[in-house]
Amino acid sequence: MVQTIPYYHATGREEEVFTHAFKNKIPFLLKGPTGTGKSRFIEYMSHQLEQRIITISCHEETSATDLIGRFIIKGAETVWLDGPLTTAVKEGAIIYLDEVAEARPDVIVAIHSLTDHRRELFIDKLGETVKAHDNFMLVASFNPGYQRGFKELKPSTRQRFIAVSFEYPEPRVEAEILINETQVDADIAKKLVNIGNKIRNLTELGLTETVSTRLLVDAAKLIHSGLPKRLSVHVAVVEPLTDDLQTLEALKDLCDLMI
């Protein structure tokens, strides 16, 4: 089966930086709001470098045990099962910890020895230390502005990575992304991007998250498949942003004027 290349539109020199980080075995941190293409970029780069990628979507219950491994009962015996991080370390894959700041603190402790000159993983339950494969790479992402800083990375952790900031693309590029992802008409793509930028600039609404490129892609897909334009924008862009009825109505009215 032919693997399709994930579509990614570079906005700077992030491809070059990532390639050099991989060659030099330096951990890589992606910073930026949700839906700005961080995960797509990692998929694209793993394809370009011909490396396997293992993605972990971190949340408040994600623990070191989830990543490293655990003992399980198999028939009449207890056997050890490697977790995704251990697998990546042994086989030489790219491990991508998406929204790493959401994970429990013991996850950060577990990866520390992989992010310095040692490049090794200590498996406490086995009393073993595993040296990382030459092609192993640790990649993490986080959203610095999420929940006004409640979920931040400590400076001591951040300084173990090289970092690249991801922002929403400029309008021309974002419209091009919508067209490539969904085959929607250029005129519709432009209008959706204008809606996105308009809402992003409405800071007085106090939205926890704003309009991501991902939401605009979803709206474009719905429109391209035949759902009415305004309804598509309501369900794909406006409704995911807030539950406040007054804010919803205001945003729907605004979008209806723009598409």
Side-chain angles (χ1 to χ4, degrees), residues 6-15 17 29-45 98-99 101 141-152 163-259:
Y7 175 77
Y8 178 76
H9 192 300
T11 57
R13 300 179 69 176
E14 63 269 28
E15 294 178 46
V17 173
L29 180 66
L30 301 92
K31 305 187 297 179
T34 184
T36 48
K38 300 189 295 294
S39 296
R40 176 60 63 88
F41 170 67
I42 297 304
E43 290 173 9
Y44 172 77
M45 289 308 302
D98 189 15
E99 300 294 355
S141 73
F142 92 112
N143 181 353
Y146 182 62
Q147 290 185 342
R148 296 176 179 80
F150 287 121
K151 294 283 190 177
E152 287 286 358
V164 171
S165 291
F166 278 65
E167 298 295 339
Y168 298 113
E170 61 178 80
R172 178 187 59 80
V173 173
E174 194 163 35
E176 191 176 317
I177 290 170
L178 298 192
I179 294 166
N180 274 279
E181 287 281 317
T182 70
Q183 286 75 56
V184 75
D185 292 343
D187 180 58
I188 296 294
K190 186 176 178 181
K191 288 178 179 178
L192 288 172
V193 169
N194 288 341
I195 286 172
N197 281 313
K198 183 72 173 178
I199 296 175
R200 288 166 191 163
N201 290 322
L202 294 175
T203 53
E204 65 272 15
L205 291 179
L207 297 171
T208 305
E209 296 280 3
T210 190
V211 180
S212 66
T213 303
R214 183 188 300 133
L215 293 186
L216 297 180
V217 167
D218 289 344
K221 285 178 179 177
L222 295 175
I223 293 170
H224 183 66
S225 68
L227 196 69
K229 291 179 289 186
R230 289 178 175 175
L231 178 58
S232 297
V233 172
H234 289 179
V235 298
V237 177
V238 177
E239 289 285 354
L241 291 178
T242 181
D243 296 321
D244 182 79
L245 294 179
Q246 285 186 313
T247 305
L248 280 173
E249 288 306 313
L251 288 175
K252 286 176 180 177
D253 289 344
L254 172 68
C255 293
D256 287 351
L257 291 171
M258 298 181 69
I259 195 164

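Residues passing the salt bridge (charged side-chain N to carboxylate O under 4.0 Å, His left out) test with K191 are D187, sequence neighbours excluded. With sequence neighbours left out, the side-chain contact (heavy atoms from CB on, under 4.5 Å) criterion links K229 to I188, I223, I259. Under the salt bridge (charged side-chain N to carboxylate O under 4.0 Å, His left out) criterion, E99 pairs with no residue at all, not counting sequence neighbours. Scanning for side-chain contact (heavy atoms from CB on, under 4.5 Å) contacts around A175 gives A189, V193, with sequence neighbours left out. In this structure, D243 has no salt bridge (charged side-chain N to carboxylate O under 4.0 Å, His left out) partners at least two apart in sequence or on a different chain. In this structure R13 satisfies the side-chain contact (heavy atoms from CB on, under 4.5 Å) test together with E16, sequence neighbours excluded. Residues that satisfy the side-chain contact (heavy atoms from CB on, under 4.5 Å) test with L205, not counting sequence neighbours, are L202, L207, T247, L251. In this structure, E167 has no salt bridge (charged side-chain N to carboxylate O under 4.0 Å, His left out) partners at least two apart in sequence or on a different chain. Remark: E239 engages K252 in a side-chain hydrogen bond (donor to acceptor under 3.5 Å, both in side chains) (not counting sequence neighbours).
Inter-residue side-chain proximity for P171 and N197 is flagged as met; some heavy-atom pair is nearer than 4.5 Å.
Among residue pairs with one or both ends in residues 198-208, those qualifying as salt bridge (Lys or Arg N to Asp or Glu O under 4.0 Å) are E174-R200; sequence neighbours excluded. Among pairs with a residue in residues 165-222, those fulfilling ring-ring contact (aromatic ring centres under 6.0 Å, His included) read F41-F166, at least two apart in sequence or across chains. Residue pairs satisfying the side-chain hydrogen bond (donor to acceptor under 3.5 Å, both in side chains) criterion with at least one member in residues 29-40, sequence neighbours excluded, are listed as follows: T34-R214, S39-Y96, R40-E181.
Distance check, rounded to the nearest 0.5 Å: CG of N143 to CG of D98 gives 10.5 Å. Residue M45 holds its CE atom at 9.5 Å from OH of Y8, rounded to the nearest 0.5 Å. Distance NZ/K190 to CD1/I179: 11.0 Å, rounded to 0.5 Å. In this structure, OG1 on T182 lies 10.0 Å from CG on D218, to the nearest 0.5 angstrom. L222 contributes atom CG, which lies 12.5 Å from atom NE2 of H234 (distance to the nearest 0.5 angstrom).
Considering every non-hydrogen atom in both A219 and S232, the closest pair reads O-CB, 3.9 Å. Looking at every heavy atom in both residues, S212 comes nearest to G35 through CB-CA, 3.5 Å. Here the closest heavy-atom approach between residue C255 and residue I195 is recorded as SG-CG2, 3.6 Å.
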From CA spacing to verdict: side-chain contact (heavy atoms from CB on, under 4.5 Å), I177, V173
CA-CA 6 Å; I177 290 170; V173 173; 4.1 Å; yes
I'd like to know whether V217 forms a side-chain contact (heavy atoms from CB on, under 4.5 Å) with L178, so could you lay out the CA-CA distance, the side-chain angles of the two residues, the decisive distance to 0.1 Å, and finally the verdict.
CA-CA 6 Å; V217 167; L178 298 192; 3.5 Å; yes
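Under the 3.5 Å distance criterion, with hydrogens and angles disregarded, no donor-acceptor pair is assigned to the side chains of Y44 and E14.
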